[in-house]
2 protein chains.
Amino acid sequence: MPTTIKDVAAAAGVSVGTASKALNGLGRMREDTRARVLAAARQLGFRPNPLAQGLLAGRTFTVGLVSSDSFGRFSIPVMLGAEDALGAGQISVFMCDTRDDPIRERHYIERLLARRVEGIIVTGRRTEPRAGIGQNLPVPVVYAMTQSVDERDLSIIPDDRGGGEQAARHLLATGREKIGHITGPERFQAARLRAQGLRDVVEPAGEVLFGEWSEEWGRQGADILLRAVPDVEAIFCGSDQIARGVAETLRERGRRVPDDVALVGFDNWEPMALACRPPLTTIDMSLGDIGRMAAEHLLNVMAGQPAESGVRTVPAGLVIRESTRVAQLP
Amino acid sequence: MPTTIKDVAAAAGVSVGTASKALNGLGRMREDTRARVLAAARQLGFRPNPLAQGLLAGRTFTVGLVSSDSFGRFSIPVMLGAEDALGAGQISVFMCDTRDDPIRERHYIERLLARRVEGIIVTGRRTEPRAGIGQNLPVPVVYAMTQSVDERDLSIIPDDRGGGEQAARHLLATGREKIGHITGPERFQAARLRAQGLRDVVEPAGEVLFGEWSEEWGRQGADILLRAVPDVEAIFCGSDQIARGVAETLRERGRRVPDDVALVGFDNWEPMALACRPPLTTIDMSLGDIGRMAAEHLLNVMAGQPAESGVRTVPAGLVIRESTRVAQLP
DNA sequence: CGGTGATGAGAAAACCTTTGCTCAAACCGT
DNA sequence: ACGGTTTGAGCAAAGGTTTTCTCATCACCG
């Protein structure tokens with residue numbers, strides 16, 4: 001059995017109340033009494049029981065993290081950012097994965113509430129709006145890298161539109177003006193917003209090609225685009241995977257990257273972006289920042305500030321690699 | 001404030017003790033009394049406070065999961081498997097990421113112990129042996145997808161050698177006998193064991209090529225191997241990334257996969273294996289099973305069984321795709 | 001009618017920690 | 001020397017739940 005404060009008090013020859021005060025630096029007592037208690041605690045390896053502390057304080061210093069993404073490629077960095085911010089505040093994180101199943105989700109939420117978590121972060125695979133986990137929950141909730149359809153909730157998502165803009169600006173700045181766009185399914189808000197960001201800056205060359213989030217589609221899409229716009233100077237892709245497919249087709253068709261056609265991806269998924277030939281310039285969604293921001297909001301509400309609501313976007317970053325190198329002068 | 005059992009008791013007009021018994025189906029009482037309590041509990045949305053329950057029972061129903069991998073590609077599936085097994089037992093999981101920093105790790109272990117977790121799972125990026133987190137901890141510890149150098153600890157890792165064997169057998173069974181091997185750095189136990197598994201079944205064609213865990217190395221390695229063994233019939237790769245690089249070089253050199261050269265990868269990392277041209281036959285390390293097994297061991301020890309020690313391997317699986325299709329008859 | 005047993009429900013202790021209150025002793029000033 | 005103040009430390013309650021023990025009531029039997 002772990003040592004309790006009672007053991008410490010007995011070893012130091014004081015009452016438990018005094019021991020508690022000594023350990024917490026409270027109350028007034030002689031220095032040697034305090035020292036005696038501290039020494040006893042150290043020697044016995046005393047650790048206060050957080051259950052008892054939590055019971056008394058009505059707090060648990062825990063939050064729940066619910067992922068509908070099996071903690072995949074997108075929610076992991078979010079989770080790490082959140083854990084970062086929370087861990088610094090001595091808050092521990094309960095992890096749940098819903099496997100995208102509403103029943104499981106409900107179940108986990110119940111479990112978290114039963115455990116008296118002080119807040120819940122919901123993360124997802126993509127930023128698509130989803131049904132919220134409910135209003136009137138006894139704790140604050142924040143959606144990170146996913147978006148609640150209920151606008152009373154707070155959702156923190158990447159700035160897809162701004163990311164599209166940045167990609168376009170970078171391509172313009174490096175001297176490319178005929179810019180094609182190959183991206184994921186149009187039903188995804190992220191795909192639409194990225195395309196919109198591009199359009200905000202420059203009229204795309206040819207149709208915007210909506211398809212799948214896959215390399216295979218990147219290969220196909222590149223062929224379609226090359227046929228429609230043979231003199232295309234750059235291609236902005238909706239994901240790094242698509243970009244890789246595009247890069248392959250370009251190489252096979254004898255177009256050099258970046259000399260003939262420049263390429264920008266999206267996600268900064270390093271195993272993809274770095275293995276691409278050439279390494280891929282891409283947009284980084286700052287997922288860690290999203291997680292951190294979600295956690296900070298939770299901490300603020302837990303500290304008594306009013307809950308916010310609506311949708312917040314986190315600026316994306318541009319990661320420059322070979323695929324947009326400025327063409328060599330002849 | 002959440003409703004307590006006291007509220008329920010008051011609403012039902014009984015004492016808290018009676019209410020507790022009614023809710024837990026214990027003690028003897030009139031049916032209508034029990035019904036009255038249950039109704040009151042339901043109506044008030046009563047949830048027992050797990051802190052109070054845990055305090056009394058001396059249990060917390062939590063375990064800690066410590067990753068030195070930033071919860072990357074390998075430790076995530078392990079984690080999901082573990083959560084699966086634990087969640088079924090009403091155990092919740094505290095998540096910590098050490099960023100591979102021993103100081104942080106120490107810190108997190110302390111925190112978990114202070115929270116009175118009932119067990120700890122340590123996961124890692126690769127199965128390389130690492131220093132344990134310490135003996136004489138007050139709770140059972142199990143290493144999953146990583147290996148403690150201390151053989152008093154229990155480590156659960158994939159069967160790299162068996163995976164190598166399976167790859168080799170599959171290639172032999174599909175009619176390939178000249179089998180080359182391109183893999184990661186020799187300093188990795190995983191790389192050595194996979195090569196050993198291959199050798200257990202068939203003498204490799206040419207040198208075993210140790211290099212990096214990257215596509216780039218796969219491309220280079222393939223060129224080296226083709227020069228050394230021009231009539232190679234199959235290549236077993238130490239990772240799916242390497243295999244992808246190999247596939248690219250083969251295509252560029254005019255060797256068809258699988259007709260001229262068959263290809264087997266390792267990891268079953270789906271974004272890689274599926275995007276490969278052609279889709280990659282590969283070895284799946286059953287990471288989920290590793291996590292599940294680790295969790296089950298923890299549950300057993302928590303239930304009073306003696307702790308085991310040593311290294312356990314979990315059988316790998318063969319996932320068959322296009323890259324090893326049997327060559328068409330002429 | 002007195003005694004016995006069964007039945008139903010309450011009282012209280014226990015888990016561990018924190019904290020406000022009380023109390024005794026020592027010390028100060030007049 | 002005495003009243004008042006400061007200092008040091010203990011007591012006890014609180015937090016929510018479970019569990020053991022006790023007690024009261026009632027029916028039944030002799």
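These values consider heavy atoms only, across backbone and side chains, with no hydrogens, waters or symmetry-generated copies. Per chain, numbering begins at 1; letters A, B, ... match sequence-line order.
In summary, contact between chain A and DNA chain D, defined as any nucleotide atom under 4.0 Å from a heavy atom of the protein, begins and ends at D:dT7 to D:dG16 in the 5' to 3' direction.
Rounded to the nearest 0.5 angstrom, A:E128 CD and A:I157 CD1 are separated by 9.5 Å.
Formation of a donor-acceptor pair under 3.5 Å by the B:N24 side chain with backbone atoms of B:L26 is not found in this model.
Contacts of B:R115 classified as side-chain hydrogen bond (donor to acceptor under 3.5 Å, both in side chains), with partners at least two apart in sequence or in another chain: A:S92. By the salt bridge (charged side-chain N to carboxylate O under 4.0 Å, His left out) test, A:R30 is found to be paired with no residue, residues two or more places apart in sequence or in another chain being considered. Residues that satisfy the side-chain contact (heavy atoms from CB on, under 4.5 Å) test with A:N300, not counting sequence neighbours, are A:Q305. Applying the salt bridge (charged side-chain N to carboxylate O under 4.0 Å, His left out) criterion to A:D101, with sequence neighbours excluded, gives no partner residue. Taking A:F94 as the reference, B:F94 meet the ring pair (Phe, Tyr, Trp, His ring centres under 6.0 Å) condition, with sequence neighbours excluded. Applying the side-chain contact (heavy atoms from CB on, under 4.5 Å) criterion to A:R152, with sequence neighbours excluded, gives A:Q135, A:D150.
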Listing time: all N or O pairs from protein to nucleotides 15-19 of chain C that are below 3.5 Å?
from: C:dT17; atom 1: OP1; to: A:N49; atom 2: N; distance (Å): 3.1
from: C:dT17; atom 1: OP2; to: A:I5; atom 2: N; distance (Å): 2.4
from: C:dT18; atom 1: OP1; to: A:Q53; atom 2: NE2; distance (Å): 2.8
from: C:dT18; atom 1: OP2; to: A:S20; atom 2: OG; distance (Å): 3.0
from: C:dT18; atom 1: OP2; to: A:N24; atom 2: ND2; distance (Å): 3.3

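A salt bridge does not link A:R130 with A:D100: every distance from a Lys NZ or Arg NE/NH1/NH2 to an Asp or Glu carboxylate oxygen is 4.0 Å or more. Ionic pairing of B:D32 and B:R34 is not present here: no N-O contact between side-chain nitrogen and carboxylate oxygen is shorter than 4.0 angstrom.
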Only pairs under 3.5 Å count here: list side-chain donor-acceptor contacts from residues 45-58 of chain B, not counting sequence neighbours, and write none if there are none.
from: B:R47; atom 1: NE; to: A:E110; atom 2: OE1; distance (Å): 3.2
from: B:R47; atom 1: NH2; to: A:E110; atom 2: OE1; distance (Å): 3.3
from: B:N49; atom 1: OD1; to: B:L51; atom 2: N; distance (Å): 2.7

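Note on the helix from C:dC1-D:dG30 to C:dT30-D:dA1: angle between the axes of the first and last five pairs equals 70°, rounded to 10 degrees.
Judged as a ring-ring contact (aromatic ring centres under 6.0 Å, His included), not a single pair has a partner in residues 101-154 of chain B (not counting sequence neighbours).
Within residues 27-44 of chain A, the residues approaching DNA chain D are A:R28, A:M29, A:R30, A:T33, by heavy-atom distance under 4.0 Å.
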